[in-house]
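Encoded as structure tokens, the structure appears first; notes follow it.
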Protein chains: 2
Amino acid sequence: MAENRMRGPSKERLLNEAEILFAQKGFEGVSVREITRAAGCNLASVNYYFGNKENLYMEVFRYRWMPRAKRIHDNFRQSLQTQEPLSLSHIIQSLGMAFLRGPLCEEESRCHQQLMARELAQPTAALEMLAQEIMRPFFQELTDMLRPLVPEGLEESELMLGAMGIFAMILYFSFGRVAVTRLLGCEYDDALRNRLSEHIAGFAINGLKGLNKGKPDGA
Amino acid sequence: MAENRMRGPSKERLLNEAEILFAQKGFEGVSVREITRAAGCNLASVNYYFGNKENLYMEVFRYRWMPRAKRIHDNFRQSLQTQEPLSLSHIIQSLGMAFLRGPLCEEESRCHQQLMARELAQPTAALEMLAQEIMRPFFQELTDMLRPLVPEGLEESELMLGAMGIFAMILYFSFGRVAVTRLLGCEYDDALRNRLSEHIAGFAINGLKGLNKGKPDGA
DNA sequence: GTCTATAGCAGGATAGAC
DNA sequence: GTCTATCCTGCTATAGAC
């Protein structure tokens, strides 16, 4: 609260600080007073720029979360362009990298995943928007990529579940970082993020390969 | 709010209703007024029985969440006793069953998972307690079971990550049910829960098998 | 053990000066 | 656009009757 970074106009600062606080404490856990204080604005500014607190929450997703998601997706696509014959291994590893490390710093990445986790646990109008404009198109794109690389004849919904399972792990290892570090007994640093990303890739590649058979091979 | 189920003494009713509401809306999202109204008690009862709202939250975990977790774990152990030579397949399928279906009805299961998801996303003193008394012992038990069944020489922490990945999917498919049904385009009914449980098993068994090699086989 | 009444404070939103 | 002052509602917690 001492040194407010006064970069940019008030509206932008409000969006920046609101996103961080909403991610940390949830919509109900943050007060407008807290947000305006963090942004170095007066109490009335939220209502002036956004009408009310709820709409500020929506605009955080519209003007911060969604553009960032698009950057992550672009980052993912670009890291695939350099590799000509697409393999399952390339795709999954690029996925893990883009979402666990990607174009974001650790703090921004955690903020991003936490907002998503909150919306999943307690959907608001924001999830509706995200499902429509981000999640559905991206999962479509991803399953289109994966289809020629998984066992032939795999059901469409089974493929979708596979893709979702990968995101489950990414999200869990990100928002559940406190539990993860406590159970593993180590710090959540870059080395761990690399390991997690590799672990997810190794796990998911074999997981996807064994999907179509009702029972797994051997066991 | 019309028909309060007046079963049991006030303290029990408060714990019951508080758990449901905390799971749905989070600690900050629920007021003591709402809880006492749902439980059919007067406003002062929370302070009388629990001292304050925060302690009620802790007691929900102590007297509702933890005993339920122990029941789930017992259920898991029992379903393994009938199968003499333990296989990876048996273990993972029993896990999915115990946690996605188990001894709980759908509503209770969702409530249970949502509370866990909230604590992971925003840890309080409750997570400390759960890590100590439930999570660590259970993960220990689980990795002890898995160790003889995964590729030899697999690092201990890698095995732990594998076990956590399974829980990531279970949790995600449970608390993210709105997104899941929206993306799959189907209802979250018993048929889907069975499919999810089977999917996780198939995915995880192959995932675990391919773990120790830095790169997966083939790809 | 259960209730009502209320203290005391923090919340979102608004009015209106500058 | 930015600020202060303020309204009003709803919150937790407590005191004290029954």
Side-chain angles (χ1 to χ4, degrees), chain A residues 1-64 115 118 122 124-126, chain B residues 1-64 115 118 122 124-126:
Chain A
M1 64 172 94
E3 282 304 306
N4 288 317
R5 31 260 190 264
M6 291 297 195
R7 45 198 173 190
S10 294
K11 188 172 177 180
E12 300 302 310
R13 294 200 318 268
L14 284 170
L15 285 170
N16 294 341
E17 301 299 325
E19 184 177 25
I20 294 169
L21 289 167
F22 283 144
Q24 283 173 354
K25 312 187 184 189
F27 182 80
E28 317 266 4
V30 187
S31 67
V32 172
R33 289 174 149 81
E34 201 175 351
I35 295 168
T36 52
R37 207 183 315 128
C41 302
N42 67 86
L43 179 57
S45 55
V46 161
N47 296 89
Y48 177 75
Y49 287 109
F50 302 97
N52 56 38
K53 183 186 175 186
E54 215 167 60
N55 195 50
L56 166 60
Y57 183 78
M58 285 297 289
E59 303 271 77
V60 160
F61 278 91
R62 202 185 309 278
Y63 295 117
R64 290 288 179 275
L115 282 173
R118 285 188 191 284
Q122 196 173 343
T124 71
Chain B
M1 64 173 94
E3 281 306 306
N4 288 316
R5 31 258 189 267
M6 291 297 195
R7 44 195 174 192
S10 293
K11 188 171 177 181
E12 300 302 310
R13 296 201 317 268
L14 284 171
L15 285 169
N16 294 340
E17 300 300 324
E19 183 176 26
I20 295 169
L21 289 167
F22 283 143
Q24 283 172 353
K25 313 187 184 189
F27 181 80
E28 316 266 3
V30 188
S31 67
V32 172
R33 287 174 148 78
E34 203 175 350
I35 295 168
T36 51
R37 208 183 315 127
C41 304
N42 67 87
L43 180 56
S45 55
V46 162
N47 296 89
Y48 177 74
Y49 288 109
F50 302 96
N52 56 37
K53 183 187 174 186
E54 215 167 60
N55 195 50
L56 167 58
Y57 183 78
M58 285 297 289
E59 303 272 77
V60 160
F61 278 92
R62 201 185 310 277
Y63 295 117
R64 290 290 179 273
L115 282 174
R118 285 188 192 284
Q122 195 173 342
T124 71

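In what follows, chains are A, B, ... by sequence order, proteins preceding strands, each numbered from 1. Side chains are part of it too, since the values below use all heavy atoms of this structure and drop only hydrogens, waters and symmetry mates.
A close approach under 4.0 Å does not occur between any side-chain nitrogen or oxygen of A:Asn42 and OP1 or OP2 of D:dT4. A close approach under 4.0 Å does not occur between any side-chain nitrogen or oxygen of B:Ser31 and OP1 or OP2 of D:dG10. When the side-chain nitrogen and oxygen atoms of A:Asn47 are compared with OP1 and OP2 of C:dA13, one or more of them lie within a distance under 4.0 Å.
B:Glu34 and B:Arg37 are not joined by a salt bridge, as no carboxylate oxygen comes within less than 4.0 angstrom of a charged side-chain nitrogen.
Looking at heavy-atom distances under 4.0 Å, B:Ser45 makes no contact with the nucleic acid at all.
The CG atom of A:Leu14 sits 14 Å away from the C1' atom of D:dC3 (whole-angstrom rounding). At whole-Å resolution of the value, CD in B:Glu28 and P in C:dA10 are 14 Å apart. Across the protein-nucleic acid pair, B:Arg13 atom CZ and C:dG1 atom P stand 13 Å apart, rounded to whole Å. Atom CG in A:Asn52 sits about 16 Å away from atom C1' in D:dT9, given to the nearest Å. Atom CG in A:Leu56 sits about 10 Å away from atom P in C:dA13, given to the nearest Å. Regarding B:Phe50, its CZ atom lies at a distance of 16 Å from the C1' atom of D:dA13, rounded to whole Å.
Aromatic ring orientation, B:Tyr57 versus B:Phe22: perpendicular (interplanar angle above 60°, classes split at 30° and 60°).
Atom NZ of B:Lys53 has more than 12 heavy atoms from other residues, nucleotides or ligands within 6.0 Å. Around atom CD of A:Glu12, more than 12 heavy atoms belonging to other residues, nucleotides or ligands sit under 6.0 Å away.
Candidate nucleotides C:dT6, C:dG1, C:dA13 were compared by shortest atom distance to the side chain of A:Leu43, and C:dA13 ranks first. Comparing C:dG1, D:dG1, C:dG12 against the side chain of A:Tyr48 picks out D:dG1 as the nearest. Candidate nucleotides C:dT4, C:dA13, D:dA13 were compared by shortest atom distance to the side chain of A:Lys53, and C:dA13 ranks first. Ranking C:dT14, D:dT14, D:dT6 by closeness to the A:Arg33 side chain, first place goes to D:dT6.
The two atoms that bring A:Gln24 and A:Arg118 nearest to each other are O-NH2, 2.9 Å, heavy atoms only.
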